[in-house]
K.L.:
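Here it is: the structure, laid out below.
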Amino acid sequence: MKLAVIAFAASFMLLGCSEQANVTTDNGKTYDWSSMNGKTVVVNYFAEWCAPCLRELPELNEFHHQKTDNVELIGVSFDPMSNEDLAALKEKHGIEFPLVLTQPAPAFPFERPNMLPATYVIRADGSVDGPLMGEQTLDSLNNAVGAE
């Protein structure tokens with residue numbers, strides 16, 4: 001038993017010291033929540049079966065294109081799917097912002113939402129606002145990140 005505890009502690013320490021990112025997106029960007037480098041990251045959970053999620057996509061696309069340099073938007077599929085299925089979903093629905101890959105498995109500094117659509121704002125200091133529930137608009141997203 002003692003050996004098992006020591007082995008677990010050693011593996012935990014090794015994993016804890018790893019330089020791996022917490023999230024990788026389909027455009028190759030990685031995020032490490034312990035080192036935000038002055039960035040605010042907006043995380044939007046969606047699903048193809050969620051009508052409000054699909055309705056807010058044009059607003060999310062617009063926010064992605066109009067955001068400032070210190071704000072980034074990433075999308076997360078609520079449903080488990082392969083990276084290939086995620087790419088097909090992105091193309092089918094005209095999603096123009098990066099999506100979080102399912103492999104490697106992402107890790108966020110908040111719990112997975114129970115309802116959709118749900119949006120979180122991870123501040124540069126690592127604090128988390130949200131979830132913002134329901135359809136987001138360009139104005140609500142700009143208000144959430146403190147943009148003018």
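Position 1 is the first residue of the sequence; numbering continues from there. Note that these values count all heavy atoms, side chains included, but never hydrogens, waters or copies made by symmetry. Quick caveat: nothing in here was measured; it's all calculated off a predicted structure.
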K.L.:
Regarding Ser127 and Asp125, do their side chains bring together a donor and an acceptor under 3.5 Å, going by distance alone?
P.N.:
yes
K.L.:
Which atoms form the tightest heavy-atom contact between Met81 and Thr102, and what is the distance?
P.N.:
O-OG1, 2.8 Å
K.L.:
Quick one: does any side-chain atom of Asn83 pair with a main-chain N or O of Gln103 as donor and acceptor, under 3.5 Å?
P.N.:
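A pair under 3.5 Å: yes.
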K.L.:
Do Glu48 and Ser77 come within less than 4.5 Å of each other through their side chains, counting heavy atoms only?
P.N.:
no
K.L.:
If only atom types and distance count, is the side chain of Asn61 paired as donor or acceptor with the main-chain N or O of Glu96 below 3.5 Å?
P.N.:
yes
K.L.:
Within this structure, what is the NZ-CG distance for the pair Lys39 and Asp69, rounded to the nearest 0.5 Å?
P.N.:
6.0 Å
K.L.:
Applying side chain to side chain contact (heavy atoms under 4.5 Å, CB included) to Leu141 and Val42, what does each step give before you reach the verdict?
P.N.:
CA-CA 8 Å; Leu141 292 166; Val42 177; 4.2 Å; yes
K.L.:
Under a 3.5 Å distance rule, please check whether Asp26 uses its side chain to pair with a backbone N or O of Leu99 as donor and acceptor.
P.N.:
yes
K.L.:
For the pair Glu59 (side chain) and Gln136 (backbone), establish whether a donor and an acceptor sit closer than 3.5 Å, ignoring hydrogens and angles.
P.N.:
no
K.L.:
May I ask you to decide if Asp32's main-chain N or O and Ser35's side chain share a donor-acceptor pair within less than 3.5 Å?
P.N.:
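Absent.
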K.L.:
Please tell me whether Tyr31 and Leu101 are part of a single hydrophobic cluster in this structure, the criterion being side-chain heavy atoms less than 4.5 Å apart.
P.N.:
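No: no chain of side-chain contacts under 4.5 Å links Tyr31 to Leu101.
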K.L.:
Look up atom CD in Glu135 and atom OG1 in Thr119, then write down how far apart they are to the nearest 0.5 Å.
P.N.:
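It comes to 10.5 Å.
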K.L.:
State, yes or no, whether a side-chain contact exists between Lys29 and Thr24 at a heavy-atom distance under 4.5 Å.
P.N.:
no
K.L.:
Backbone N or O of Val71 within a donor-acceptor pair of the Thr40 side chain at under 3.5 Å?
P.N.:
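Flag not set: sc Thr40 to bb Val71 has no pair under 3.5 Å.
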K.L.:
Any side-chain heavy atom of Phe108 within less than 4.5 Å of one from Val100?
P.N.:
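A side-chain contact under 4.5 Å exists here.
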K.L.:
Under the side chain to side chain contact (heavy atoms under 4.5 Å, CB included) rule, what do Phe63 and Val145 come out as? Steps first, then yes or no, please.
P.N.:
CA-CA 11 Å; Phe63 177 76; Val145 298; 4.3 Å; yes
K.L.:
What distance separates Lys90 NZ from Asp85 CG, expressed to the nearest 0.5 Å?
P.N.:
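Answer rounded to 0.5 Å: 15.0 Å.
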K.L.:
Using 0.5 Å steps for rounding, measure from the CG atom of Leu116 to the CD atom of Glu56.
P.N.:
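If we round to the nearest 0.5 Å, Leu116:CG and Glu56:CD are 9.0 Å apart.
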K.L.:
Any side-chain to backbone donor/acceptor pair from Arg123 onto Gly38? Under 3.5 Å, distance only.
P.N.:
no
K.L.:
Counting only heavy atoms not in Met133, do more than 12 sit closer than 6.0 Å to its CE atom?
P.N.:
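Check passes, neighbour count above 12.
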K.L.:
Under the side chain to side chain contact (heavy atoms under 4.5 Å, CB included) test against Phe46, which residue among Val76, Leu60, Leu54, Leu89 passes?
P.N.:
Leu89
K.L.:
So, does Trp33 use its side chain to make a donor-acceptor pair with the main chain of Ala107 at under 3.5 Å?
P.N.:
yes
K.L.:
Flag the pair Pro109 / Ile122 as yes when at least one side-chain heavy-atom distance between them is below 4.5 Å, and no otherwise.
P.N.:
yes
K.L.:
Donor-acceptor pair, distance only, cut-off 3.5 Å: does the side chain of Tyr120 make one with the backbone of Glu111?
P.N.:
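Yes; judged by distance alone, with no hydrogens or angles, the pair exists.
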K.L.:
Would you please say whether a donor-acceptor pair under 3.5 Å links the side chains of Asn70 and Thr68?
P.N.:
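A donor-acceptor contact under 3.5 Å links the two side chains.
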K.L.:
Could you check whether the rings of Phe110 and Tyr45 sit parallel, tilted or perpendicular, using 30° and 60° as the cut-offs?
P.N.:
perpendicular
K.L.:
Show the numbers, then the answer: is there a side chain to side chain contact (heavy atoms under 4.5 Å, CB included) between Asn44 and Ile74?
P.N.:
CA-CA 6 Å; Asn44 177 265; Ile74 57 176; over 6 Å; no
K.L.:
Under the criterion side chain to side chain contact (heavy atoms under 4.5 Å, CB included), I'd like the reasoning laid out for Phe97 against His65: C-alpha separation, chi angles, the key distance, then a yes or no.
P.N.:
CA-CA 8 Å; Phe97 48 92; His65 291 295; over 6 Å; no
K.L.:
Say whether Gln66 and Asn142, considering side chains only, have a donor N or O and an acceptor N or O under 3.5 Å apart.
P.N.:
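No - no donor-acceptor pair under 3.5 Å links their side chains.
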K.L.:
If you count heavy atoms of other groups shown closer than 6.0 angstrom to CG of Asn114, is the number above 12?
P.N.:
no
K.L.:
What is the minimum heavy-atom distance between Val23 and Pro106, and which atoms define it?
P.N.:
CG2-CB, 3.9 Å
